[in-house]
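What's counted below: heavy atoms across the whole structure, side chains too, no hydrogens, waters or symmetry copies. Order of listing sets the numbers, starting from 1, for every ligand and every atom in it.
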Amino acid sequence: MRIANVADRAYLVVRAGDGTDRLLDIANVSEDRFGPSLVALYDSWEDFRRWADQADLDPESGAPVDRSTLSAPSPRPRQVFAIGLNYDAHAAESGFEPPIDLPPVFTKYVSAFTGPDTDVRLPSGGNVDWEVELVVVIGTETRHVHEDLAWDHVAGVTVGQDLSERITQLRGPAPQFGLGKSYPGFAPQGPFLVTPDELPDRDNLEIGCRIDDEVVQCGRTNEMIFNVPALVSKISENVTLYPGDIIFTGTPAGVGLGRKPQRFLKAGETLHTWIEGVGEMTQRFL
Ligand code: ZN
């Protein structure tokens, strides 16, 4: 199942007979049982899944998808977690040993959230870097969940960029991850929430991005040091996770900070981001 956010209303994304994606307003087709907002949808996620599995839907009645209207699939999570150093080669290019028991956990502020296709203004004097990441959306309240059961607590995944202004991020005496990674537009996500059953292999997906025509990151999510179930399990040891909560799961190697010479995004460049089976995004920098 795929879910879209248009103007803070939740839509099912369904395939019409002509092969195009169409949007069905969830509040309308469920006769107001679910939605209309994404927040309300995640708060009743398990009931919604049961209803959707047996619902008799007519894709032909849906409206075509206009990507310019899409917003982040979970636009107002109670909590946003972001994971650092979760791929060996990225830890190495960042000058760190890979984490053993627990990766670094920080946040991106919700004010940075946008949809999948956006223009992003570069802060003047900043060194803005790219980080493609699989983004997880939690589906049920979760505390102390075992890894073996953790995927059951996930509503779905989407594509994300953890855009990062490195000067702010690394300004001492201790790093400023939250501020450096939360300029307006620095957390694009989308195009849709994709439920794990839709994926070819939910633990092993190609993940990458390119600047204009040059591929700068290309990895696989099975290279994560802490995979999705491990992250959900470990975070839930410390805090309670709520429906709609977001986890940015870390980036593979190839960021600009780790290059020699270092490289950062410039006005006029376009960043294309993809995850196999999940979707694509496009950020144009101004
Ligand atoms: Zn990141």
Side-chain angles (χ1 to χ4, degrees), residues 72 74 77 79-99 102-114 116 118 120 122-123 126-138 157-171 174-190 205-211 216-228 230-232 234-235 245-259 262-265 271-275 278 281 283 285:
S74 180
Q79 304 176 96
V80 181
F81 304 89
I83 307 301
L85 308 178
N86 199 22
Y87 290 75
D88 275 317
H90 174 63
E93 74 179 355
S94 304
F96 291 97
E97 293 293 319
L102 189 69
V105 181
F106 52 94
T107 195
K108 287 174 81 73
Y109 297 109
V110 175
S111 58
F113 278 32
T114 69
T118 56
V120 181
L122 295 167
N127 289 344
V128 176
D129 207 344
W130 53 91
E131 293 190 0
V132 57
E133 304 201 9
L134 180 75
V135 170
V136 168
V137 179
I138 296 296
V157 299
T158 194
V159 183
Q161 268 286 345
D162 176 17
L163 295 174
S164 303
E165 198 285 289
R166 301 300 193 192
I167 296 173
T168 305
Q169 178 189 332
L170 301 173
R171 197 159 68 198
Q176 295 279 8
F177 277 55
L179 293 180
K181 291 167 172 277
S182 299
Y183 283 86
F186 272 33
Q189 294 157 68
L205 304 166
E206 184 181 292
I207 178 169
C209 64
R210 61 186 164 86
I211 299 171
V216 287
Q217 291 187 283
C218 190
R220 300 198 68 85
T221 59
N222 70 345
E223 297 162 354
M224 287 182 188
I225 299 169
F226 300 93
N227 64 12
V228 170
L231 291 173
V232 172
K234 282 186 177 291
I235 294 171
D245 279 0
I246 297 278
I247 306 172
F248 279 77
T249 59
T251 197
V255 301
L257 185 70
R259 288 166 184 264
Q262 291 182 340
R263 173 181 172 183
F264 300 105
L265 289 158
L271 181 64
H272 304 273
T273 304
W274 70 88
I275 300 177
V278 184
M281 306 195 301
Q283 270 57 55
F285 293 90

Residue of the set V228, I247, T158 for which side-chain contact (heavy atoms from CB on, under 4.5 Å) holds with L134: V228
Pi-cation contact, F248 with K108 (under 6.0 Å, within 45°): yes
T118 side chain to Q283 side chain, donor-acceptor N/O pair below 3.5 angstrom: yes
Considering all heavy atoms, the nearest P77-I246 contact: CG-CG1, 3.7 Å
Under-2.8 Å protein N/O/S neighbours of the Zn ion (ligand 1), ordered by chain then residue number: E131 OE1, E133 OE2, D162 OD2
Distance-minimising heavy-atom pair for F186 and P123: CZ-CD, 3.9 Å
Any residue meeting salt bridge (Lys or Arg N to Asp or Glu O under 4.0 Å) with K181, in chain and number order, not counting sequence neighbours: E131, D162
